[in-house]
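Because only heavy atoms are used, hydrogens play no part in the values below, and waters and symmetry mates are left out as well, while side chains stay in. Note that ligands are numbered from 1 as they come in the structure, with each ligand's atoms numbered from 1 the same way.
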Amino acid sequence: MYKRLFFVAIGLWLVTLSVVATLFLRGITTPGSDGRTAISLTTSERDFVLGEMRGMLGAVQGVIEGIAANNASAVAKAASSGGLAIEAGVPVTLMAKLPLDFKHQGMAMHTGFDELAAAATRGESSALLTARLAEHINLCIGCHQSFRFNQTP
Ligand code: HEC
């Protein structure tokens, strides 16, 4: 009797584990109508991420403006606004819905901004900073080519 209960418990545990593992890797996604992977988020989660995205565009704008003005501290300040620190506020429930690959690309983007800020601070030339930025924007392009959002209530 206890033995059977034991196996039922182990079985349920394995099912839970595999659901959690799948969620961790794939997030909550469906194939998008345009060939991209569509991540299903609630309206407020989607609003939150898109708000962050607009912040990323603002960071790119600030970096370009700083480079054009030869102002290293302005470049560093704008780049830092897209850095890893802003990830601290992301709710865990939202994180769980994002596929692992999306999280990797998001992390690469934030650490890239931090590296750009550090490069500006140590006085890298405008040409090098511009080249870094051009390379960095490929991360934006890459993720936008792979993912979009679905809106669920
Ligand atoms: C980890 C993936 C990822 C990365 C990296 C990423 N984005 Fe996005 N971004 C998205 C997704 C997904 C959307 C929503 C696209 C859709 O639903 O069609 C989006 C949307 C946006 C939007 C539209 C916001 C709105 O209000 O509709 C802007 C602007 C944007 N991103 C800017 C950027 C910039 C600039 C970068 C790079 C510095 C960047 N993103 C990097 C995934 C990413």
Expected list for residues 66-77: side-chain donor-acceptor pairs under 3.5 angstrom, two or more places apart:
from: N70; atom 1: OD1; to: S126; atom 2: OG; distance (Å): 3.2
from: N71; atom 1: OD1; to: S73; atom 2: N; distance (Å): 3.3
from: N71; atom 1: OD1; to: S73; atom 2: OG; distance (Å): 3.1
from: N71; atom 1: OD1; to: A74; atom 2: N; distance (Å): 3.1

| request: Only counting residues at least two apart or in another chain, list the ones meeting side chain to side chain contact (heavy atoms under 4.5 Å, CB included) with R122. | output: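 A118, A119, E124, R132.
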
| message | For the residue pair R148 / S33, report whether a side-chain donor-acceptor contact shorter than 3.5 Å exists. | response |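 Yes, a side-chain donor-acceptor pair sits under 3.5 Å.
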
| query | Side chains of D114 and S80: donor-acceptor distance under 3.5 Å anywhere? | reply |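 Looking only at side-chain atoms, S80 and D114 do not form any donor-acceptor pair under 3.5 Å.
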
| task | Run the contact test for R36 against ligand 1 with a 4.0 Å cut-off on heavy atoms, strictly below, and give the result. | result |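 Right, R36 reaches ligand 1.
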
| Shortest reach to atom 41 (C) of ligand 1 by a heavy atom, considering only R148, R54, Q61, M109 |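 The option holding the nearest heavy atom is M109.
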
Looking at [X] and [Y], what are the two nearest heavy atoms and their distance?
| X | Y | value |
| --- | --- | --- |
| G82 | F113 | O-CD1, 3.2 Å |
| L84 | M107 | CD2-SD, 3.5 Å |
| A59 | S81 | CB-OG, 3.6 Å |

| Applying a 4.0 Å heavy-atom criterion (strictly less than), which segment of H104 is in contact with ligand 1: side chain, backbone, both, or neither? |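 Answer for H104: neither.
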
| ligand 1-proximal atoms of L139, by part, heavy-atom distance under 4.0 Å |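 For L139, the contact with ligand 1 is made by the backbone alone.
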
| query | Is atom CD of E135 surrounded by more than 12 heavy atoms (other residues, nucleotides or ligands) closer than 6.0 Å? | reply |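 Incorrect, the count does not exceed 12.
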
| Do you know how many protein N, O or S atoms are within a distance smaller than 2.8 Å of atom 8 (Fe) of ligand 1? |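 Counting protein N, O and S atoms closer than 2.8 Å to atom 8 (Fe) of ligand 1 gives 2.
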
| Do S146 and D101 pass the side-chain hydrogen bond (donor to acceptor under 3.5 Å, both in side chains) test, and can you show the C-alpha distance, the side-chain angles, and the key distance before you say yes or no? | CA-CA 10 Å; S146 311; D101 187 32; 5.3 Å; no

Side chains of residues 89-100: which donor-acceptor partners sit under 3.5 Å, not counting sequence neighbours?
from: K97; atom 1: NZ; to: E45; atom 2: OE1; distance (Å): 2.8
from: K97; atom 1: NZ; to: E45; atom 2: OE2; distance (Å): 3.2

| With only distance considered, is F113 within less than 3.5 Å of ligand 1 through an N or O on each side? |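 No; the residue has no nitrogen or oxygen that sits under 3.5 Å from a nitrogen or oxygen of the ligand.
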
| message | Please list, in number order, the atoms of ligand 1 under 4.0 Å from a heavy atom of G106. | response |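 In order of numbering, the contacting atoms are 1 (C).
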
| task | Just need the protein heavy atom nearest to atom 23 (C) of ligand 1, so name the residue and atom and give the distance. | result |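 Going by distance alone, atom 23 (C) of ligand 1 is nearest to L50 CD2, 4.3 Å.
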
| query | For atom 13 (C) of ligand 1, which protein heavy atom lies nearest, and how many Å away is it? | reply |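 Going by distance alone, atom 13 (C) of ligand 1 is nearest to F149 CE1, 3.7 Å.
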
